[in-house]
*Asks:* 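Pasting a structure here, questions to come.
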Amino acid sequence: MKKVLGVFLGLIALIIAGTAGLAALSGTDAATDRNPLASLADDAKNGAANAAIDALGVKDRVQEALDQNKGAIAAATGLSADQVDQAIDNLDVQGWTAATLPSDAVETGTYQGSYAGVDGTLTTYDDPGYVTVEAYGQTVTLAVPESAQQYLPLLGYL
């Protein structure tokens, strides 16, 4: 299961690498500053991050990696091939997007792992609609599709 998290963190690190430097678009954090300009800057930053993610084909690479590692995932989790297929479908890789973490979100867990020499941290919240990934010295919060939210509590078993 740690290998699965490592693969996930490594693939998400590609998202972060593609969005490095975008944090400079906003000098304030919209989660703590109610300034409408900060909110606009945050929206622009998220839009740029999502455009970079799409342009780099990161989601396609993540989907390909999941598809190519179905056997390893089944072996690591004890799930059947059909269950792994269903879980991968439910992850809805194409539905994950860069987003702003709500100011009232409360951390529920932090998970560390590494893949391909990249260390990363994944943070979950009481609102399962968001996760934050830190890698390459960058941090990005992702909106989690509803179908994938059921899998976030399983990270605690790692």
Side-chain angles (χ1 to χ4, degrees), residues 1-23 25-26 29-31 39 41-70 72-74 76-77 79 83-116 118-158:
M1 200 63 161
K2 284 188 180 185
K3 184 175 181 178
V4 173
L5 176 61
V7 170
F8 180 72
L9 285 174
L11 295 171
I12 296 299
L14 291 172
I15 294 171
I16 294 170
T19 60
L22 293 175
L25 290 175
S26 172
D29 181 1
S39 180
D42 217 33
D43 290 346
K45 180 177 76 170
N46 290 334
N50 287 317
I53 290 166
D54 292 342
L56 293 169
V58 174
K59 292 177 184 179
D60 293 334
R61 287 190 227 160
V62 170
Q63 187 66 51
E64 288 171 12
L66 288 168
D67 291 338
Q68 291 173 358
N69 289 288
K70 288 179 183 181
I73 294 169
T77 61
L79 298 172
Q83 289 172 315
V84 171
D85 285 337
Q86 183 65 44
I88 290 173
D89 288 344
N90 287 345
L91 284 176
D92 185 19
V93 171
Q94 298 299 321
W96 292 63
T97 58
T100 301
L101 183 66
S103 61
D104 61 348
V106 176
E107 287 185 22
T108 57
T110 302
Y111 309 95
Q112 296 181 351
S114 57
Y115 179 73
V118 177
D119 294 330
T121 303
L122 179 75
T123 303
T124 57
Y125 301 93
D126 60 342
D127 180 343
Y130 299 92
V131 297
T132 299
V133 180
E134 296 177 41
Y136 288 120
Q138 299 294 315
T139 302
V140 66
T141 296
L142 299 168
V144 179
E146 190 172 336
S147 63
Q149 294 174 16
Q150 65 184 317
Y151 299 104
L152 295 180
L154 299 176
L155 293 172
Y157 293 105
L158 299 175

*Asks:* Which heavy-atom pair separates Thr141 from Thr132 by the least distance, and what is that distance?
*Replies:*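 Heavy atoms only, the tightest pair is OG1-OG1, 2.9 Å.
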*Asks:* To the nearest 0.5 Å, what is the distance between CD1 (Ile53) and CD (Gln94)?
*Replies:*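 Rounded to the nearest 0.5 Å, the CD1-CD separation comes out at 11.0 Å.
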*Asks:* Evaluate the side-chain contact (heavy atoms from CB on, under 4.5 Å) criterion for residues Gln63 and Ile88: first the C-alpha distance (whole Å), next the side-chain angles of each, then the deciding distance (0.1 Å), finally the verdict.
*Replies:* CA-CA 8 Å; Gln63 187 66 51; Ile88 290 173; 3.3 Å; yes
*Asks:* Can you check whether Asp119 reaches Glu134 side chain to side chain, under 4.5 Å on heavy atoms?
*Replies:* no
*Asks:* Sort out for me which residue in Leu142, Val131, Thr110 forms a side chain to side chain contact (heavy atoms under 4.5 Å, CB included) with Leu122.
*Replies:*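 Considering Leu142, Val131, Thr110, a side chain to side chain contact (heavy atoms under 4.5 Å, CB included) with Leu122 is found only for Val131.
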*Asks:* Which heavy atom of Asp126 sits nearest a heavy atom of Thr108, and at what distance?
*Replies:* N-CG2, 3.3 Å
*Asks:* Would you give the length of the straight line joining atom CG of Asn50 to atom NZ of Lys45, rounded to the nearest 0.5 angstrom?
*Replies:*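 Here the interatomic distance stands at 11.5 Å.
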*Asks:* What I'd like to find out is whether the side chain of Lys59 reaches to under 4.5 Å of the side chain of Thr97, using heavy atoms alone.
*Replies:*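 When only atoms from C-beta onward are counted, Thr97 and Lys59 do touch, with a gap below 4.5 Å.
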*Asks:* Show the nearest heavy-atom pair for residues Ala143 and Tyr130, with the distance to one decimal.
*Replies:* CA-CD2, 4.2 Å
*Asks:* Can you measure from CD (Gln150) to CG (Leu91) and round to the nearest 0.5 angstrom?
*Replies:* 8.5 Å
*Asks:* Could you please spell out the steps behind the side-chain contact (heavy atoms from CB on, under 4.5 Å) verdict for Val144 and Tyr151?
*Replies:* CA-CA 10 Å; Val144 179; Tyr151 299 104; over 6 Å; no
*Asks:* Any side-chain donor paired with an acceptor under 3.5 Å for Asp92 and Ser147?
*Replies:*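 Absent: no donor and acceptor within the cut-off.
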*Asks:* Write down the atom of Ala98, the atom of Val140, and the distance for their closest heavy-atom approach.
*Replies:* CB-CG2, 4.1 Å
*Asks:* How long is the span from the OG1 atom in Thr100 to the CG atom in Asn46, to the nearest 0.5 Å?
*Replies:* 4.0 Å
*Asks:* Mark yes or no for whether Asp127, through its side chain, and Ala105, through its backbone, hold a donor-acceptor pair below 3.5 Å.
*Replies:* no
*Asks:* Return yes when atom CD of Glu146 has more than 12 non-hydrogen atoms of other residues, nucleotides or ligands closer than 6.0 Å, and no otherwise.
*Replies:*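 Count not over threshold, so no.
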